[in-house]
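Comments concern the structure below.
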Amino acid sequence: MDATLLISSKNYSSWSLRGYLLVRLSGLPFQVKSVAADDPNVRAELLMRASSIRVPCLIHEGVQVWDTLAIAEYLNELRPDAQMLPKDLAARARCRSISGEMHSGFSALRASLPMNLRAKQTNFKVWSSAKADIERITEIWRECLGEWKGPWLFGAAPTVADAFYAPVVTRLLTYGVTVDPVSTGFCEQIMAWPDMKTWVADAKKEPEQIEELDVDMDF
Ligand SMILES: N[C@@H](CCC(=O)N[C@@H](CS)C(=O)NCC(=O)O)C(=O)O
């Protein structure tokens, strides 16, 4: 196998999901290795394999790349034909901008609606700061889908940006957040992505549970 992607939980780790979708987009053959980062033995093993404890971490022919933006750029350089970034310069700039915005922002959404693919919450109260994040995210989606005509953010095929926003879609579904029709259509597109379906199915089988996050479970 050419490459290994170190991840943590498929159910809870949105960064691991982004890493997985990115490697799938590149077409690079790889295996996924799950590591429980809170287990001291696993942490020690992880540190021996990679100089950072962060997941996701891509190990490819002796090169270690961690942090999803770095993984995206590495894979794009390694496999330019995969067109992980749009061909057009302006579209590519937008794709990088919105992926960066996701990577460094939306902390209220991330903190108050943690990813939990197995769960379904009803009557969940979304606080105003998270609401503002959701409004900004759906604005980004509507602009891209309007300009590049969908069904993906940059047109006919998924790019890095779709991988970055995919975990947001799962959060909206988990916490029963309704959004405008254009954004709802995009959510359906993401959930129908075969790689998403594989990941979600695996997440549902994962034994690991974090009690605080698992109220109102719906398997
Ligand atoms: N900005 C990073 C975030 C990665 C991240 O926060 N990873 C968490 C798990 S989802 C992690 O590695 N935690 C383990 C630790 O901090 O030791 C990225 O883009 O990959």
Side-chain angles (χ1 to χ4, degrees), residues 3-26 28 30-60 63-78 84-85 95-119 130 133 136-137 140 153 158-172 174-175 190 195-196 198-200 202-204 206-214:
T4 300
L5 182 72
L6 301 177
I7 63 156
S8 58
S9 160
K10 287 192 174 177
N11 188 53
Y12 301 110
S13 173
S14 64
W15 295 109
S16 296
L17 169 56
R18 290 184 181 97
Y20 172 79
L21 292 174
L22 290 170
V23 192
R24 291 289 299 157
L25 276 179
S26 77
L28 183 74
F30 73 116
Q31 58 175 355
V32 172
K33 191 167 163 39
S34 297
V35 288
D38 50 354
D39 177 325
N41 295 328
V42 174
R43 283 186 90 86
E45 192 199 331
L46 190 54
L47 279 170
M48 265 166 24
R49 284 164 166 272
S51 46
S52 163
I53 200 78
R54 288 270 166 203
V55 290
C57 178
L58 178 68
I59 305 174
H60 173 241
V63 179
Q64 298 162 9
V65 197
W66 61 93
D67 195 287
T68 45
L69 273 185
I71 292 171
E73 292 294 342
Y74 177 78
L75 290 170
N76 179 56
E77 285 183 34
L78 186 72
M84 296 174 66
L85 293 170
C95 183
R96 285 193 165 110
S97 298
I98 65 168
S99 301
E101 193 171 344
M102 179 72 247
H103 185 262
S104 59
F106 307 126
S107 52
L109 173 80
R110 295 220 288 252
S112 58
L113 285 74
M115 190 173 97
N116 186 348
L117 297 176
R118 288 193 296 247
D133 283 351
R136 171 64 190 140
I137 289 169
I140 289 171
L153 291 173
T159 63
V160 166
D162 298 285
F164 268 83
Y165 283 90
V168 173
V169 170
T170 76
R171 289 170 152 114
L172 299 180
T174 294
Y175 297 94
I190 290 288
D195 293 330
M196 265 311 268
T198 306
W199 179 278
V200 172
D202 288 352
K204 289 189 176 172
E206 212 172 53
E208 184 196 355
Q209 274 193 39
I210 300 176
E211 242 172 65
E212 296 86 335
L213 299 179
D214 278 340

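In each ligand, atom 1 is the first atom listed, and ligand 1 is the first ligand listed. Computed from a predicted model, the values in this text were never measured in an experiment.
The shortest N or O to N or O distance between S14 and ligand 1 is not below 3.5 Å. By the 3.5 Å distance cut-off applied to N or O atoms, S8 is not counted among the residues near ligand 1. Inclusion of V55 in the set of residues having an N or O under 3.5 Å from an N or O of ligand 1 is warranted. At under 3.5 Å, not a single nitrogen or oxygen of S13, backbone or side chain, sits near a nitrogen or oxygen of ligand 1.
Contacts of R18 with ligand 1, taken as heavy-atom pairs under 4.0 Å, are absent altogether.
Side chains of L25 and P158 form a contact here, defined as non-hydrogen atoms less than 4.5 Å apart.
Across V160 and L85, no two heavy atoms sit closer than the pair CG2-CD2, 3.9 Å. Across E101 and Y165, no two heavy atoms sit closer than the pair CB-OH, 4.3 Å.
Near T68, the atoms of ligand 1 lying under 4.0 angstrom from a non-hydrogen atom of the residue are 18 (C), 19 (O), 20 (O).
For the ring pair (Phe, Tyr, Trp, His ring centres under 6.0 Å) test, residues two or more places apart in sequence or in another chain that qualify with Y20 are F30, W199. Contacts of S99 classified as side chain to side chain donor-acceptor pair (under 3.5 Å), with partners at least two apart in sequence or in another chain: none.
Within a 6.0 Å radius of CZ in R171, more than 12 heavy atoms belonging to other residues, nucleotides or ligands are found.
At least one heavy atom of P56 lies less than 4.0 angstrom from ligand 1.
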